[in-house]
A.B. asks: 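One structure is given below, represented as structure tokens, and several questions about it will come after.
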Amino acid sequence: MSDAPRKRARRDLSGWLVFNKPYDMSSTEAVGKLRWLFGAKKAGHAGTLDPLATGVLPIAFGEATKTVPAVQDGTKVYHFDIVWGAATATDDTEGEVIATSDIRPDHAAIAAVLPRFRGVITQIPPAFSAIRIGGERAYDLARAGEKLDMPPRQVEIDALEIVTHTEARTRLSATCSKGTYVRALARDIAEALGTRGHVGALHRARVGGFTDADAISLDAVEAVEGPARDALLLPVAAGLAELPEIVIDARQAVTLRLGNPVLLTGRDAPVQLDAAWASLKGEAVALGMVENGQFKPRRVILPSG
């Protein structure tokens, strides 16, 4: 009889774990670890965090993976430190220093330049990023020594404020759209101030409707087992807080789960919505759109249990 450990059986588990990702763990490692701990058949994350970053990393299990794009498209909040006086190859502490400056901006100078970085702005993403260039990840090409011409992109910064300031480093808080690179933001703020800078610390405090208040550490997950561990999961619908909710009845739910549209009735029924979700007694039934008074499903969510 073999002494080799048996593989853990995979379960049809659905829901969200709002993971408080620790420093020096990749998002892929986090998904693999939590999928193993929960014994889930299917898992994914809603928005990559760099290994050196901490904070909110929503992990989707089972049917929740169908709602990942809705969470990824949600608002992000980051707290980050700009270390003044040095630019690095990666725009964070991991890369080698490639330029230096003796200029250390004061609080007033930083506050005066921040309005330039609010609203819709154009960024050039860091070369060390997950963007694909010709089918390859930019960071793989950059590590291989290739000189990259990174395509600029437009992002939206809803809020950008100073949290704390010292001569050596300044902590800022940014509320921004999907696709914003905080490392690029730090680099560009420093250059606008006539100096150099890089991200010294990065924490994500919000993704869509998930915040630090929801986040659970790896130690907390490992401290419990069985039903107590499963109880840490939020329902699939928890990831849809930023989308309009369409309340339906049981008959309509059956129709939607067959992939067919349903007519919305009632005085307050919407006529047109680019994105919405249908719910039955608070449980997610489908993601879709409203067109000419009909809810048209794009992704069907199977019932729990």
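As a basis for the values below, the full set of heavy atoms in this structure was taken, side chains included, without hydrogen atoms, waters or symmetry mates.
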A.B. asks: Any link between I82 and V77 through a network of hydrophobic side chains (Ile, Leu, Val, Met, Phe, Trp, Tyr) touching at under 4.5 Å?
C.D. replies: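 Cluster IDs for I82 and V77 differ.
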
A.B. asks: How about T90 and D92: does a side-chain donor come under 3.5 Å of a side-chain acceptor?
C.D. replies: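 Checked: T90/D92 side chains pair up, N/O donor to acceptor below 3.5 Å.
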
A.B. asks: Test of understanding: clusters of I, L, V, M, F, W, Y form through side-chain heavy atoms closer than 4.5 Å, transitively. Do V163 and L160 belong to the same one?
C.D. replies: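 No, separate clusters.
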
A.B. asks: Under a plain distance cut-off of 3.5 Å, with no hydrogens placed, do S27 and H45 share a side-chain donor-acceptor pair?
C.D. replies: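 Per modelled atom types, H45 and S27 side chains form no pair under 3.5 Å.
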
A.B. asks: Identify, with sequence neighbours excluded, every residue that meets side-chain contact (heavy atoms from CB on, under 4.5 Å) alongside T255.
C.D. replies: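 Partners of T255 by the side-chain contact (heavy atoms from CB on, under 4.5 Å) criterion, ordered by chain and then number, come out as N260, V262.
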
A.B. asks: Output every pair passing salt bridge (Lys or Arg N to Asp or Glu O under 4.0 Å) with a member in residues 60-82, not counting sequence neighbours, ordered by first then second residue.
C.D. replies: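 Qualifying pairs, neighbours excluded: E63-K66, D73-K178, D81-R169, D81-R171.
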
A.B. asks: Does the side chain of L114 come within less than 4.5 Å of I189's, by heavy atoms?
C.D. replies: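 Touching, per the 4.5 Å side-chain cut-off.
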
A.B. asks: When you group the ILVMFWY residues by side-chain heavy-atom contacts below 4.5 Å and let the links chain together, are L243 and M289 in the same group?
C.D. replies: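 No; tracing contacts between hydrophobic side chains, which count when under 4.5 Å, never links both residues.
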
A.B. asks: Suppose the criterion is salt bridge (Lys or Arg N to Asp or Glu O under 4.0 Å): which pairs have a residue in residues 282-291, not counting sequence neighbours?
C.D. replies: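 Qualifying pairs, neighbours excluded: R257-E283, E291-K296.
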
A.B. asks: According to side-chain contact (heavy atoms from CB on, under 4.5 Å), who are the partners of D230, at least two apart in sequence or on a separate chain?
C.D. replies: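 For D230, the residues satisfying side-chain contact (heavy atoms from CB on, under 4.5 Å) (neighbours in sequence not counted) are R11, L13, F38.
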
A.B. asks: Which residues pass the ring pair (Phe, Tyr, Trp, His ring centres under 6.0 Å) test with F295, not counting sequence neighbours?
C.D. replies: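 Here no residue qualifies.
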
A.B. asks: Can you name the side chain to side chain donor-acceptor pair (under 3.5 Å) partners of T180, sequence neighbours left out?
C.D. replies: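 With sequence neighbours excluded, T180 shows a side chain to side chain donor-acceptor pair (under 3.5 Å) to no residue whatsoever.
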
A.B. asks: Kindly check if the number of other-residue, nucleotide or ligand heavy atoms within 6.0 Å of CD (E225) is above 12?
C.D. replies: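 Open.
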
A.B. asks: How would you list, by chain and number, every residue that makes a side chain to side chain donor-acceptor pair (under 3.5 Å) with Q294, sequence neighbours excluded?
C.D. replies: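 Q294 satisfies side chain to side chain donor-acceptor pair (under 3.5 Å) with no other residue.
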
A.B. asks: T100: which residues meet the side chain to side chain donor-acceptor pair (under 3.5 Å) condition with it, sequence neighbours left out?
C.D. replies: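 Applying side chain to side chain donor-acceptor pair (under 3.5 Å) to T100 gives none.
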
A.B. asks: Looking only at side chains, do H203 and T54 share a donor and an acceptor under 3.5 Å apart?
C.D. replies: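 A donor-acceptor contact under 3.5 Å links the two side chains.
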
A.B. asks: As an exercise, state the distance from CD1 of I216 to CG of L232, rounded to the nearest 0.5 Å.
C.D. replies: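 Here the rounded value is 4.5 Å.
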
A.B. asks: Output every pair passing salt bridge (Lys or Arg N to Asp or Glu O under 4.0 Å) with a member in residues 96-119, not counting sequence neighbours, ordered by first then second residue.
C.D. replies: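 Listed by first then second residue: R118-E161.
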
A.B. asks: Partners of D24 by side chain to side chain donor-acceptor pair (under 3.5 Å), sequence neighbours excluded?
C.D. replies: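 Not a single residue meets the side chain to side chain donor-acceptor pair (under 3.5 Å) criterion with D24.
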
A.B. asks: Tell me, do L202 and Y78 make a side-chain contact under 4.5 Å, heavy atoms counted?
C.D. replies: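 Yes; the side chains approach each other to less than 4.5 Å.
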
A.B. asks: Do the side chains of V300 and V285 get nearer than 4.5 Å, heavy atoms only?
C.D. replies: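 The answer is no, as the side chains (C-beta and beyond) never meet within the 4.5 Å cut-off.
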
A.B. asks: Is there a path of hydrophobic side-chain contacts, each under 4.5 Å between heavy atoms of I, L, V, M, F, W or Y residues, that connects V224 with L17?
C.D. replies: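 Yes, one cluster joins them.
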
A.B. asks: Should side-chain heavy atoms under 4.5 Å link Ile, Leu, Val, Met, Phe, Trp and Tyr, which residues sit in the same cluster as V18?
C.D. replies: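 So far as hydrophobic clustering goes, V18 is joined with W16, V56, V68, V71, V207, F210, L234.
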
A.B. asks: Mind checking whether W84 and I110 have side chains closer than 4.5 Å, heavy atoms only?
C.D. replies: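 Yes, at least one pair of side-chain atoms sits under 4.5 Å.
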
A.B. asks: For L287, does its backbone N or O pair with a side-chain atom of R298 as donor and acceptor, under 3.5 Å?
C.D. replies: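 Side chain of R298 to backbone of L287: no pair is present.
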
A.B. asks: Do the side chain of Q154 and the main chain of V120 share a donor and acceptor less than 3.5 angstrom apart?
C.D. replies: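 Checking the backbone N and O of V120 against the side chain of Q154, no donor-acceptor pair under 3.5 Å is found.
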
A.B. asks: For A99, what residues pass the side-chain contact (heavy atoms from CB on, under 4.5 Å) criterion, not counting sequence neighbours?
C.D. replies: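 With sequence neighbours excluded, A99 shows a side-chain contact (heavy atoms from CB on, under 4.5 Å) to A87, R196, given in chain and number order.
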
A.B. asks: Do any N or O atoms from the side chain of D249 and from the backbone of Q252 form a donor-acceptor pair under 3.5 angstrom?
C.D. replies: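 A pair under 3.5 Å: yes.
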
A.B. asks: Kindly indicate, with the supporting measurements, whether the criterion side chain to side chain donor-acceptor pair (under 3.5 Å) is fulfilled by H79 and S173.
C.D. replies: CA-CA 4 Å; H79 305 313; S173 177; 3.3 Å; yes

